[in-house]
Amino acid sequence: MNSLSRRTFMQIGAGSVAAGATAKINFLEPAALWGAGRTVAPSDRVRFASIGTGTRGCELLTASLEVPGVECVAVCDLYDSRHEAAQEAVQKQVPATRNYKEILDRKDVDAVIVAVPDHQHRRVVVDACAAGKDVYCEKPMSHNVPDGFAIVAAVAKGNRIMQVGSQRVSSIVYEKARELYSSGALGEVFLIEGSSNRNSPSGAWIYPIPPDASEQTIDWNAFLVGAPQRPFDAARFFRWRCFADYGEGLAGDLFVHLLSGIHFVAGIDEVAQRAQTTGGLFRWKDGRDFPDVIETVYDYPNFRVSLYCNLNNSIESGEPIKFQGTKGTMELLNQTLTFTPQDIASKPETYSTKGWPARLRKQYLADWAAQNPQPTPLEYQTKVRAEIFTAPDGYSDVSAHQANFFDSVRTRKRPVENEVFGNHTAIGCHLANYAYFNKTIATWDAGAKTIKG
Ligand SMILES: NC(=O)c1ccc[n+]([C@@H]2O[C@H](COP(=O)([O-])OP(=O)(O)OC[C@H]3O[C@@H](n4cnc5c(N)ncnc54)[C@H](O)[C@@H]3O)[C@@H](O)[C@H]2O)c1
């Protein structure tokens with residue numbers, strides 16, 4: 001059975017629908033995007049190693065078990081207990097080390113998965129490219145603008161395949177959305193909005209510190225490379241997202257997923273022109289550098305993008321993205337796409353004519369009816385219907401994204417979320433933070449490759 005054909009269509013909304021009132025979506029069969037559905041010849045097996053086997057690294061190792069034709073041959077992490085966690089995740093006693101250069105020296109490693117904190121992406125990726133390894137690097141690709149361009153240059157110099165880790169870009173739901181967007185069914189889209197919200201200590205990155213964490217079990221000095229020196233601090237090691245030395249707060253953690261999804265669906269291959277941000281640190285005042293509410297409006301040539309994250313309320317959960325078109329709205333939420341056409345059938349004006357005397361209103365309605373013989377009054381009492389597409393049960397965009405990367409390693413065809421794509425969306429995160437911290441409108445100067453206030 002082709003699991004990809006298990007589409008779910010639902011039509012919601014009651015009432016009689018006039019012929020032609022609802023644009024019919026042509027949901028074509030998705031291409032074979034699901035990792036689990038592919039076959040790979042034994043000679044095409046890719047041997048990879050994981051650098052950084054914390055939360056995400058382990059998630060990726062588990063997901064790699066679903067990807068055909070790949071084999072994990074080594075793992076690397078600065079914290080010893082994560083060697084054990086990685087071996088459990090990949091269900092194999094692969095060699096483990098604290099020093100990623102040992103892995104890069106191995107001739108039998110084709111590719112590396114890099115899931116280290118953001119301030120270390122540049123160093124590890126540049127070294128991996130120089131060692132001739134293809135790279136899957138977690139999002140956001142860069143910790144700052146110069147890091148992003150250094151990574152782009154290293155990939156080009158080493159002639160490597162690189163994919164960044166915003167998995168929505170490989171999702172069959174987002175592929176559907178891209179198809180629908182480019183079909184014109186939405187009309188013209190001038191505003192896209194997205195959000196990602198949470199309401200818990202874990203959501204605010206206050207992760208528990210394991211009982212064996214110490215300077216003996218963690219290579220603290222290696223963690224600090226690329227960041228200011230400071231004494232061992234387990235909170236900084238395990239909750240690095242809160243601190244600007246290592247992460248980029250909500251923008252780098254969550255905006256990047258929204259931006260990657262939007263760029264993919266709308267076919268954007270550039271950096272936003274400018275960003276305006278507001279927000280504040282209202283609740284999680286634990287010494288962190290970043291706000292717990294952030295709202296940014298981006299200018300792109302043909303539309304605006306409005307994003308927010310709130311760590312204090314999660315009634316709007318998941319990562320909703322709404323593409324608001326003149327003919328319809330497309331909403332992406334987790335594994336579901338909903339398309340709701342706008343009711344744009346022409347109708348006589350009924351609002352401003354409330355201020356007219358009855359005789360003029362009557363005359364206007366008679367004139368309107370004469371000039372618009374169709375539709376009849378009954379037909380324009382319609383309710384629009386929504387159409388919904390959901391991914392098949394058990395579908396994982398995480399394994400799909402990895403499968404796409406490993407396919408690129410085999411075919412040498414650049415993945416969609418390559419280093420240039422990843423650089424564009426990461427710069428979007430840096431624009432948001434620049435605007436917030438400098439209380440200014442952040443403008444992208446593409447010629448100078450820099451952000452200006
Ligand atoms: N795509 C997603 O949905 C997603 C989800 C979570 C995290 N991430 C990204 O994954 C990356 C890791 O995040 P995490 O939540 O797993 O963090 P984490 O703190 O749980 O794990 C990071 C690990 O990297 C290790 N590390 C740091 N520097 C290293 C080095 N030089 N060599 C080897 N290991 C090193 C640390 O010891 C740590 O165990 C980040 O870039 C994050 O933004 C992506």
Side-chain angles (χ1 to χ4, degrees), residues 49-63 74-86 89 96-104 112-128 135-143 147 151 163-171 196 202-203 205-210 212-213 215 217-227 234-243 245-261 319 334 396-402 405 417 422 425-426 429:
S50 269
I51 303 175
T53 59
T55 314
R56 187 58 176 175
C58 283
E59 265 186 307
L60 291 175
L61 283 173
T62 303
V75 293
C76 169
D77 200 277
L78 303 182
Y79 167 37
D80 298 338
S81 291
R82 283 183 165 160
H83 297 165
E84 196 184 330
T97 173
R98 281 184 175 189
N99 179 2
Y100 71 84
K101 292 197 173 155
E102 284 175 18
I103 281 179
L104 299 186
V112 288
I113 292 182
V114 178
V116 299
D118 307 345
H119 72 296
Q120 298 253 337
H121 286 182
R122 174 185 181 160
R123 164 168 108 104
V124 180
V125 172
V126 168
D127 287 349
V135 181
Y136 178 112
C137 175
E138 262 309 336
K139 59 84 225 166
M141 189 179 94
S142 66
H143 183 46
D147 280 10
I151 289 174
Q163 180 173 281
V164 180
S166 270
Q167 60 274 14
R168 311 293 182 275
V169 171
S170 291
S171 159
S196 190
S202 171
W205 313 309
I206 304 175
Y207 299 139
I209 294 171
D212 70 345
E215 272 189 282
T217 56
I218 293 171
D219 186 343
W220 174 246
N221 288 329
F223 175 79
L224 287 185
V225 175
R236 281 182 169 256
F237 185 83
F238 290 99
R239 300 169 185 166
W240 56 265
R241 284 172 177 76
C242 301
F243 304 100
D245 289 339
Y246 328 111
E248 310 76 31
L250 284 167
D253 200 32
L254 302 177
F255 274 8
V256 69
H257 282 303
L258 300 167
L259 285 175
S260 299
E319 283 176 3
N334 305 329
S396 155
D397 54 13
V398 181
S399 358
H401 203 44
Q402 280 191 53
F405 168 67
E417 198 183 356
T425 53
C429 306

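All heavy atoms count here, side chains included; hydrogens, waters and symmetry mates do not. Each ligand, and each atom within it, is numbered from 1 in the order the structure gives. Predicted model only: the values in this text are computed from it and were never measured.
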Any Val116 side-chain heavy atom under 4.5 Å of Tyr100 side chain: no
Side chains of His121 and Asp147: does their closest heavy-atom pair fall under 4.5 Å? no
Within-cut-off N or O pair, Lys139 and ligand 1, under 3.5 Å: yes
The atoms of ligand 1 lying under 4.0 Å from a heavy atom of Asp118, numbered in the order shown, are 40 (C), 41 (O), 42 (C), 43 (O)
For Thr425, check side chain to side chain donor-acceptor pair (under 3.5 Å) against everything at least two apart and list the hits. none
For the 3.5 Å polar cut-off, considering only N or O atoms, please tell me whether Val116 and ligand 1 meet it. yes
For ligand 1, is there an atom lying under 4.0 Å from some heavy atom of Phe237? yes
Purely on distance, is any nitrogen or oxygen of Thr55 under 3.5 Å from one on ligand 1? yes
Counting both backbone and side chain atoms, is some N or O of Gly165 under 3.5 Å from an N or O of ligand 1? yes
Side chain to side chain donor-acceptor pair (under 3.5 Å) test vs Glu417 passes for just one of Gln163, His401, Gln167, namely His401
Answer whether the closest heavy-atom distance between the side chains of Tyr207 and Thr55 falls below 4.5 Å. no
For Arg98, is there an ion pair with Asp80 - N to carboxylate O distance below 4.0 angstrom? yes
Proximal ligand 1 atoms for His257, defined as those under 4.0 Å from one of its heavy atoms: 1 (N), 2 (C), 3 (O)
Min side-chain heavy-atom separation Leu224-Phe237 under 4.5 Å: no
Identify, for atom 28 (N) of ligand 1, the protein heavy atom at the shortest distance, and state residue, atom and that distance. Leu78 CD1, 3.3 Å
Output the list of atoms in ligand 1 that are nearer than 4.0 Å to some heavy atom of Cys76, sorted by atom number. 33 (C)
What atoms of ligand 1 come closer than 4.0 angstrom to any heavy atom of Gly54? 16 (O), 20 (O), 21 (O), 23 (C), 39 (O)
Whether Arg98 lies under 4.0 Å from ligand 1, heavy atom: no
Close N or O approach (Gln120, ligand 1; < 3.5 Å): yes
For Arg123, the ligand 1 atoms with a heavy-atom partner under 4.0 Å come out as 31 (N)
Looking at Trp240, which atoms of ligand 1 are within less than 4.0 Å of one of its heavy atoms? 13 (O), 17 (O), 18 (P), 19 (O), 40 (C), 42 (C), 43 (O)
What is the closest protein heavy atom to atom 44 (C) of ligand 1, and at what distance does it sit? Glu138 OE1, 3.0 Å
Identify, for atom 24 (O) of ligand 1, the protein heavy atom at the shortest distance, and state residue, atom and that distance. Pro117 CD, 3.5 Å
Answer yes when Arg168 and Glu319 have at least one side-chain N-carboxylate O distance shorter than 4.0 Å, and no when they do not. yes
What I'd like to find out is whether the side chain of Asp118 reaches to under 4.5 Å of the side chain of Trp240, using heavy atoms alone. yes
Does any non-hydrogen side-chain atom of Phe238 lie less than 4.5 Å from one of Ile218? yes
Kindly write out the residues that satisfy salt bridge (Lys or Arg N to Asp or Glu O under 4.0 Å) with Asp219, not counting sequence neighbours, or none if the list is empty. none
With a cut-off of 4.0 Å, which atoms of ligand 1 are near a heavy atom of Arg241? 6 (C), 7 (C), 13 (O), 14 (P), 15 (O), 42 (C)
If you scan protein heavy atoms around atom 5 (C) of ligand 1, the nearest is Arg56 CD, 3.4 Å
What is the ring orientation for Phe223 with Trp220, classed by angle as parallel under 30°, tilted 30 to 60°, or perpendicular over 60°? parallel
Distance col, row Asp77:CG vs Ser50:OG, nearest 0.5 angstrom, shows 10.0 Å
Taking side chain as C-beta onward, heavy atoms only, is Val398 less than 4.5 Å from Glu59? no
Between ligand 1 and Ser166, is the shortest N or O to N or O distance under 3.5 Å? no
Atom indices of ligand 1 within 4.0 angstrom of His121 heavy atoms, with elements: 41 (O)
Within reach of ligand 1, part of Arg82 (heavy-atom separation under 4.0 Å): side chain
To the nearest 0.1 Å, how far is atom 22 (C) of ligand 1 from its closest protein heavy atom, and which atom is that? Ala115 O, 3.6 Å
Compare Asp77, Val75, Leu60 and give the one whose heavy atom is closest to atom 36 (C) of ligand 1. Asp77
